[in-house]
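Here the structure comes first, spelled out in structure tokens, and everything after it is commentary.
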Number of protein chains: 2
Amino acid sequence: MTNSGEFIRGFTDYIILSILSKFDSYGYEMSKIIEYVSKSNIQLTEATLYIALKRLLNDEKITTYSGKNKKGMSRRYYQITPKGKKAIKEFRKDWVLIENTLSSLFGGNFEYYRES
Amino acid sequence: MTNSGEFIRGFTDYIILSILSKFDSYGYEMSKIIEYVSKSNIQLTEATLYIALKRLLNDEKITTYSGKNKKGMSRRYYQITPKGKKAIKEFRKDWVLIENTLSSLFGGNFEYYRES
DNA sequence: ACTAATATATAAACATACTATGTATAAACA
DNA sequence: TGTTTATACATAGTATGTTTATATATTAGT
């Protein structure tokens with residue numbers, strides 16, 4: 001999808017936090033997860049991803065540690081913090097509202113009484 | 001909802017086109033429709049709205065005409081064009097993909113096989 | 001008269017995404 | 001062994017769109 005980045009702007013941080021809610025992960029793997037889950041329709045460019053990780057670290061919503069995978073390759077792993085867990089929990093409520101509102105608007109199934 | 005603007009960024013143009021798919025409208029009314037449909041959770045600030053209208057006019061996705069409502073008040077109405085109808089039709093397919101992907105990610109109900 | 005609601009619009013500041021680029025290691029293959 | 005591809009991390013500069021703040025004007029209610 002072209003311009004997918006413009007659509008998911010604002011959601012990037014929560015996509016990352018959602019993944020890290022399931023397991024610790026590293027940048028490249030997270031980009032592959034998004035590619036896989038979206039069936040290649042949505043793409044997070046590396047720049048966007050790494051800048052978002054920096055932002056989340058700065059906000060203390062995630063922490064990081066160096067590790068090695070089974071093959072001995074260096075990986076920079078990220079882990080969600082209690083503050084990050086709180087943020088994603090609150091966001092999930094917002095997402096329900098956003099999803100319902102946008103679906104109503106885009107689907108045209110809303111009523112609005114025009115008085116004039 | 002705080003920061004709702006950051007979430008709906010990128011969707012603004014399509015929110016407007018969706019409303020104009022139902023009836024011709026004017027800026028202030030559209031902002032009220034969004035407020036009403038979102039139950040005040042999502043807000044399009046005036047600046048965002050009028051700049052989006054300008055952008056859509058420039059892209060020839062909408063046209064405008066001056067009119068008066070029942071009370072004789074001047075209103076600047078906007079109308080969707082065939083080009084605008086085509087754009088919203090295509091976007092609706094994208095929305096299904098975006099909605100499914102984000103809901104999977106946020107809900108955590110996705111599977112990903114980690115090989116290493 | 002005064003205040004709130006309705007209505008349109010722009011400038012400056014801010015936030016975040018994208019393109020392009022650079023670096024490095026490991027795996028696959030000829 | 002040399003080359004290519006995939007994996008992996010990171011930053012500078014640019015583009016785009018939102019927000020805050022501000023300006024202007026009309027209508028409705030008290």
Side-chain angles (χ1 to χ4, degrees), chain A residues 1-16 24-36 42-59 62 64-78 98 112-116, chain B residues 1-16 24-36 40 42-59 61-62 64-78 98 112-116:
Chain A
M1 187 189 309
T2 48
N3 296 108
S4 71
E6 231 7 82
F7 295 139
I8 57 161
R9 187 188 167 118
F11 295 118
T12 311
D13 292 12
Y14 299 106
I15 291 174
I16 293 169
D24 292 4
S25 187
Y26 52 94
Y28 189 78
E29 187 182 54
M30 286 190 265
S31 74
K32 290 290 153 195
I33 290 174
I34 294 157
E35 196 184 321
Y36 175 75
I42 291 171
Q43 205 203 342
L44 264 192
T45 65
E46 287 152 60
T48 303
L49 186 69
Y50 288 110
I51 287 171
L53 287 169
K54 212 185 231 185
R55 192 163 52 230
L56 289 166
L57 280 170
N58 206 53
D59 292 348
I62 59 174
T64 183
Y65 59 90
S66 288
K68 285 180 192 299
N69 71 358
K70 287 178 192 167
K71 292 169 189 162
M73 291 163 76
S74 286
R75 294 289 173 271
R76 192 165 163 77
Y77 285 94
Y78 294 92
I98 293 163
Y112 185 75
Y113 178 68
R114 316 177 82 188
E115 44 191 307
S116 57
Chain B
M1 185 189 310
T2 47
N3 296 108
S4 71
E6 228 12 78
F7 295 140
I8 58 163
R9 186 187 169 119
F11 296 118
T12 310
D13 292 13
Y14 299 106
I15 290 173
I16 293 169
D24 293 3
S25 187
Y26 53 94
Y28 189 78
E29 186 181 54
M30 287 190 264
S31 74
K32 290 291 153 194
I33 291 173
I34 293 158
E35 196 183 323
Y36 176 73
S40 297
I42 291 172
Q43 205 203 341
L44 262 192
T45 65
E46 289 149 57
T48 304
L49 187 67
Y50 288 108
I51 287 170
L53 288 169
K54 211 186 231 185
R55 191 165 52 229
L56 288 166
L57 280 170
N58 206 54
D59 293 349
K61 288 175 185 158
I62 59 173
T64 184
Y65 59 90
S66 287
K68 284 181 194 300
N69 72 357
K70 287 176 190 165
K71 293 169 187 162
M73 290 163 77
S74 284
R75 292 291 174 270
R76 191 164 163 77
Y77 285 94
Y78 294 92
I98 294 163
Y112 184 76
Y113 178 67
R114 317 177 82 189
E115 44 190 308
S116 56

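Chain naming here is simple, since letters A, B, ... match the order of the sequence lines and numbering starts at 1 in each. Just so it is clear, the values below take in all heavy atoms, side chains as well, and ignore hydrogens, waters and symmetry mates.
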Take the protein atom [atom1] of [X] and the nucleotide atom [atom2] of [N], then report the distance between them rounded to whole Å.
{"X": "B/E46", "N": "D/dT19", "atom1": "CD", "atom2": "P", "value": "12 Å"}
{"X": "B/I16", "N": "D/dT18", "atom1": "CD1", "atom2": "C1'", "value": "13 Å"}
{"X": "A/Y26", "N": "C/dA26", "atom1": "OH", "atom2": "C1'", "value": "12 Å"}
{"X": "B/L53", "N": "C/dA7", "atom1": "CG", "atom2": "C1'", "value": "13 Å"}
{"X": "B/M1", "N": "D/dT19", "atom1": "CE", "atom2": "P", "value": "13 Å"}
{"X": "A/L56", "N": "C/dA17", "atom1": "CG", "atom2": "P", "value": "10 Å"}
{"X": "A/R55", "N": "C/dC14", "atom1": "CZ", "atom2": "P", "value": "17 Å"}
{"X": "B/L49", "N": "D/dT19", "atom1": "CG", "atom2": "C1'", "value": "14 Å"}

Is any side-chain N or O of [X] closer than 4.0 Å to OP1 or OP2 of [N]?
{"X": "A/T45", "N": "C/dC18", "answer": "yes"}
{"X": "B/Y50", "N": "C/dT8", "answer": "yes"}
{"X": "A/K54", "N": "D/dC9", "answer": "no"}

Might you point out which heavy atoms bring [X] and [Y] nearest each other, and give the distance in Å?
{"X": "A/Y78", "Y": "A/M30", "value": "CD1-CE, 4.0 Å"}
{"X": "A/T12", "Y": "A/T48", "value": "CG2-CG2, 4.1 Å"}
{"X": "B/I42", "Y": "A/I98", "value": "CD1-CA, 4.1 Å"}
{"X": "B/L53", "Y": "B/G27", "value": "CD1-CA, 4.3 Å"}
{"X": "B/E29", "Y": "B/D24", "value": "OE1-O, 4.4 Å"}

| said: Which is more 5' along DNA chain C, the nucleotide nearest B/I51 or the one nearest B/K32? Just name the residue. | reply: B/K32
| task | Within residues 4-14 of chain B, find the residues that approach DNA chain D with a heavy atom at under 4.0 Å, and present them sorted by residue number. | result |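 B/G5, B/R9, B/G10, B/T12 - these, ordered by number, are the residues of the stretch whose heavy atoms sit under 4.0 Å from the strand.
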| request: Decide yes or no for B/E6 and A/R9: does some side-chain heavy atom of the first lie under 4.5 Å from some side-chain heavy atom of the second? | output: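 Result yes, sub-4.5 Å side-chain heavy-atom pair found.
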| request: For the residue pair B/R75 and B/Y28, establish whether any side-chain heavy-atom pair is separated by less than 4.5 Å. | output: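 Counting from C-beta outward, B/R75 and B/Y28 never come under 4.5 Å.
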| A/A47 or B/Q43: which one's nearest nucleotide on DNA chain D is closer to the 5' end? | A/A47
| said: Once you measure the plane-to-plane angle for B/F11 and A/F7, does it fall in the parallel (<30°), tilted (30-60°) or perpendicular (>60°) bin? | reply: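 Correct class here is parallel.
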| query | Considering only D/dC9, C/dC18, C/dT8, which nucleotide approaches the side chain of A/R76 most closely? | reply |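 Per side-chain heavy atoms of A/R76, the pick is D/dC9.
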| Between the axis at one end of the helix from C/dA1-D/dT30 to C/dA30-D/dT1 and the axis at the other (five pairs apiece), what's the angle to 10 degrees? | 30°
| Taking only residues two or more places apart in sequence or in another chain, which ones pass ring-ring contact (aromatic ring centres under 6.0 Å, His included) with B/Y65? | B/Y77
